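Scroll down for the structure; my scribbles are underneath it.
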Amino acid sequence: MAEVKITKRSEDYSRWYTDVIAAAELADYAPVKGCMIIRPNGYAIWEKMQQALDGMFKETGHQNAYFPLFIPESFLRKEAEHVEGFAPEVAVVTHGGGSKLEEPLVIRPTSETIIWNSYRNWIQSYRDLPLLINQWCNVVRWEMRTRLFLRTAEFLWQEGHTAHATYEEAEEETLRMLGVYRRFAEEFMALPVIEGRKTEKEKFAGADHTYSIEAMMGDAKALQAGTSHHLAQNFAKAFDVTFQTEKGTREYVYATSWGLSTRMIGALIMAHGDDNGIIIPPKLATTQVVVVPISRKPEERQHVMRAVEKFTLAFKTVGIGFKVDDREQYSPGFKFNDWEKRGVPLRIEVGPKDLDKNQVVLARRDNREKTSASQDGLERTVVDMLNAIQKSLYERALEFREKHTYRVDDYGKFPEILDGEGGFIWSHWCGSGECEERVKDETKATIRNIPRESPAEEGKCIKCGSRSERRVIFARAY
RNA sequence: CGGGGCGUGGCUCAGCCUGGUAGAGCACCUGGUUCGGGACCAGGGGGUCGGAGGUUCAAAUCCUCUCGCCCCGACCA
């Protein structure tokens, strides 16, 4: 276990980020450029995310399946916008079994093409619809500049691919899954997000339109945390997927796809982490509570351990994830720091002084407050406190976002905000790609999305002054 | 792909300018004393100095080539 010191957030945010990952042993750089090794601590978070999401997918009627990693190159070319969007970043396999392949195989950057190729055979009639499939897998996108979790050449994700009889039904599904992502972010990640529609420039290659949830990180930059696409009939037409309607006519199928990736681990780090390391929200922590026994003499140790065994037994019955750190070679102070950088939400300290009073010391990771609690019914106290931590992480993140959100009607204020503390800027936009592009060139801020909750409001485009009907969010993004 | 930097035990780095046969801190192992916010003492293990070639009696050090990584700019979940 190498000692890792963490750069202060205020000093160098991106170094802080990589330091936190090293300190918490979440991931390593791989021998292959742009790839990462997700270490057990990092993977544990992903597994928790998977569990939560998978449950919600099942609740909304989806089934898991698995499609191949290799996709015939020709498939990718069938949808014009799609190939244009992904061609620059696909990895291609040209050889196999010692000889050149007849047709190169691309390693999936996303699976729309290979999945819709199958859907052609799966869908005959309106009775086969809707078709609601999800898959958990890895994908590869050859990125120029990579950062652990946020942008790597290979990453893990889930991709949902559904087929519907009508445009409206597909739209409903697209928004339903966006809502699932929102709920996941808020309830499990303690991360407030803004649902909205992507601009034409930022939408998924091959989609009719794209929705996203956007979150604010600890440096006030935006992170796209999940996307849901309405693909209309684009892929059905490309792969000739039609169905017979109730009336006996033949129509192309409507599609959606939606994905959320290991990037969320990066979001978690940047949304909640502090100078001491990552803070894992209780609902995503495998180890929710770490118990640090403190003792000097062997007989003291025995007494302490007896008490620990007693209350941890109760933890098991109520399903609290805990770990007892009984390593003898480390001092309590070392262990406090060790578990803090790993982000365990709650620490329990028990020593001789506590035994005398039948209590323990509870130390919250989120605000580093220490309080005493009785050993009787400790499991209830702990459950309550974990809930309180979950809630307070959300509130803190929301407060931070509010504090860094501005309504701006004067383009001249953009640099001041963006080069200062940064943040989300709600401004009017006429809807033209030129204005969007010019703002990006001039300020490095992009339109994150057109918020769904943004009320209709007459205004003038921040850039060109033309008529605008609602505000959009400008921000610098990851 | 353009600009900048760096490759020396697991990690961070010194040594290189001025060649002389590898060193520190942390981590690791053993024993002991410790233990309520990163303990201490003693002992110990571990490196073909990114790779190849060259100069030299002698190369981590000088020369040539090569590979890789990191940071900054053009694309993106």
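Just so it is clear: chains get the letters A, B, ... in the order the sequence lines come, proteins before strands, and each one is counted from 1. This is a predicted model, so every value here is computed, not measured.
Residues from residues 282-309 of chain A placing a heavy atom under 4.0 Å of any atom in RNA chain B, listed by number, are A:Ile294, A:Ser295, A:Arg296. Proximity of residues 343-357 of chain A to RNA chain B (heavy atom under 4.0 angstrom from any strand atom) is restricted to A:Arg347, A:Glu349, A:Gly351, A:Pro352, A:Lys353, A:Asp354.
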Give every pair of a protein N or O atom and an N or O atom of nucleotides 68-75 of chain B that lie under 3.5 Å apart, one pair per line with the distance.
{"residue": "B:C72", "atom": "OP2", "partner": "A:Arg145", "partner atom": "NH2", "Å": "2.2"}

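Residues satisfying the ring pair (Phe, Tyr, Trp, His ring centres under 6.0 Å) criterion with A:Phe315, sequence neighbours excluded, are A:Phe311, A:Phe322. Remark: A:Tyr17 pairs with no residue by the ring pair (Phe, Tyr, Trp, His ring centres under 6.0 Å) rule, at least two apart or across chains.
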- Heavy-atom contacts, protein to nucleotides 39-44 of chain B, under 4.0 Å, summarised as B (base), S (sugar-phosphate only) or - (none) per nt, yield S-----
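A cation-pi contact, defined as under 6.0 Å to the ring centre and within 45° of the axis, is absent between A:Lys335 and A:Tyr330. Within the cation-pi definition used here (under 6.0 Å to the ring centroid, within 45° of the axis), A:Arg347 does not qualify as a partner of A:Trp339.
Side chains of A:Trp136 and A:Asp54: a donor on one and an acceptor on the other come within 3.5 Å.
Side chain A:Lys370 to base B:G37: a donor-acceptor pair is found below 3.5 Å.
Residue A:Arg327 contributes atom CZ, which lies 13 Å from atom P of B:A27 at whole-angstrom precision. Note: CD (A:Glu202) to P (B:A77) measures 8 Å, nearest angstrom. When the C1' atom of B:C35 is taken as reference, atom CG of A:Asp326 falls 14 Å away, rounded to whole Å. Atom pair A:Phe155:CZ and B:A77:P shows a separation of 8 Å (rounding to whole Å applied).
Using a 4.0 Å heavy-atom cutoff across all strands shown, A:Val139 reaches no nucleic acid atom at all. Here A:Thr152 lies in heavy-atom contact (under 4.0 Å) with a base.
Nearest-nucleotide positions on RNA chain B for A:Asn276 and A:Leu150 put A:Asn276 closer to the 5' end.
Using cut-offs of 30° and 60° for the angle between ring planes, the A:Phe204 and A:His229 rings count as parallel.
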